[in-house]
Amino acid sequence: MEFDENKEEEKYNEDDYVDIYSKRAIFWFSFFNLIFGGVLLVINLYNAGYKKAVPAVLAFVLFFSYLSYFVILHSGVNLQQVVDAMNATAKGGQPTPAQITAMLSVAGLNIGFGLIGALILSQFFFRRYFPDNDYYPKPVGLPILIFILLMLLTRIL
């Protein structure tokens with residue numbers, strides 16, 4: 001193998017780099033809430049100039065969110081038992097074994113769908129549009145604060 005000493009290495013300008021949320025941030029936000037992680041990925045795509053990819057990511061996020069809720073609702077788990085268990089626990093009581101089983105089933109489905117959705121967003125979509133590490137990771141403090149506020153608002157309302 002011969003080396004060409006006259007060939008210079010490619011040099012990158014400051015303009016070649018984009019500030020985006022990291023793949024790890026997309027994964028963890030998507031794991032807890034696929035829609036929120038999808039919004040962060042859409043912000044990344046928009047900032048990096050991949051505006052044509054935004055509808056595909058949004059369509060996936062909406063479809064997969066609907067699919068996960070549909071499967072959980074039609075999984076055969078008695079969701080009334082889950083509600084009763086949560087009410088009993090809030091009042092200081094003990095849930096029955098059937099209620100605990102229903103709660104664990106719903107939690108398992110949520111974790112499974114969260115993991116699958118987060119992996120698809122971070123490993124497929126993120127890697128497809130950002131294959132190299134030619135970006136500066138944005139701080140996630142503001143998205144964490146917004147996420148916590150939105151979760152609190154949805155719990156209160």
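For the residue pair S68 and F113, the shortest heavy atom distance occurs at CB-CG, 3.5 Å. Considering all non-hydrogen atoms of both residues, M151 and N33 come closest at CE-ND2, 3.3 Å. Taking every heavy atom of both residues into account, G37 and S30 meet most closely at CA-OG, 3.3 Å. In terms of heavy atoms, V61 sits closest to G38 at CG2-CA, 3.8 Å.
Remark: Q80 pairs with D84 by the side chain to side chain donor-acceptor pair (under 3.5 Å) rule, at least two apart or across chains.
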Side-chain donor/acceptor pairs under 3.5 Å, residues 114-124, sequence neighbours excluded:
{"from": "S122", "atom 1": "OG", "to": "A118", "atom 2": "O", "distance (Å)": "2.8"}
{"from": "Q123", "atom 1": "OE1", "to": "R127", "atom 2": "NH2", "distance (Å)": "3.2"}

Taking only distance into account, with no hydrogens and no angle test, what donor-acceptor pairs under 3.5 Å do side-chain atoms of residues 39-52 form with protein atoms, sequence neighbours excluded?
{"from": "N44", "atom 1": "OD1", "to": "Y21", "atom 2": "N", "distance (Å)": "2.7"}
{"from": "N44", "atom 1": "ND2", "to": "Y21", "atom 2": "O", "distance (Å)": "2.9"}
{"from": "N47", "atom 1": "ND2", "to": "I43", "atom 2": "O", "distance (Å)": "3.4"}
{"from": "Y50", "atom 1": "OH", "to": "Y129", "atom 2": "O", "distance (Å)": "3.3"}

Between I72 and V77, is a side-chain contact (heavy atoms from CB on, under 4.5 Å) present by the stated rule, with each step listed? CA-CA 8 Å; I72 290 171; V77 175; over 6 Å; no
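Note: N110 CG to F32 CZ = 12.0 Å, rounded to the nearest 0.5 Å. Note that CZ of F63 and CZ of F60 are 9.0 Å apart. Values are rounded to the nearest 0.5 Å. Rounding to the nearest 0.5 Å gives a distance of 14.0 Å between CD of Q81 and CE of M86. Rounded to the nearest 0.5 Å, atoms CD1 (I100) and OG1 (T89) are 8.0 Å apart. To the nearest 0.5 Å, atom CD1 of residue I26 and atom CD1 of residue I20 are 8.0 Å apart. Taken from CG in L149 to CD1 in I144, the straight-line distance is 12.0 Å, to the nearest 0.5 Å.
In this structure, the side chains of F36 and L150 come closer than 4.5 Å at one or more pairs of heavy atoms.
Linking Ile, Leu, Val, Met, Phe, Trp and Tyr residues whenever their side-chain heavy atoms come within less than 4.5 Å leaves L153 and I148 in two separate clusters. Neither M103 nor Y69 shares a network with the other; the hydrophobic side chains, linked directly or stepwise wherever heavy atoms of I, L, V, M, F, W or Y lie under 4.5 Å apart, form separate groups for each. Note on L142: it clusters hydrophobically with W28, by side-chain heavy-atom contacts below 4.5 Å among ILVMFWY residues. No continuous path of hydrophobic side-chain contacts links F70 to F64 [ILVMFWY only; heavy atoms under 4.5 Å]. Two different hydrophobic clusters hold Y66 and L79 under the rule that ILVMFWY side chains link at heavy-atom gaps under 4.5 Å.
A tilted orientation is assigned to the rings of F130 and F126, their planes being inclined by 30° to 60°.
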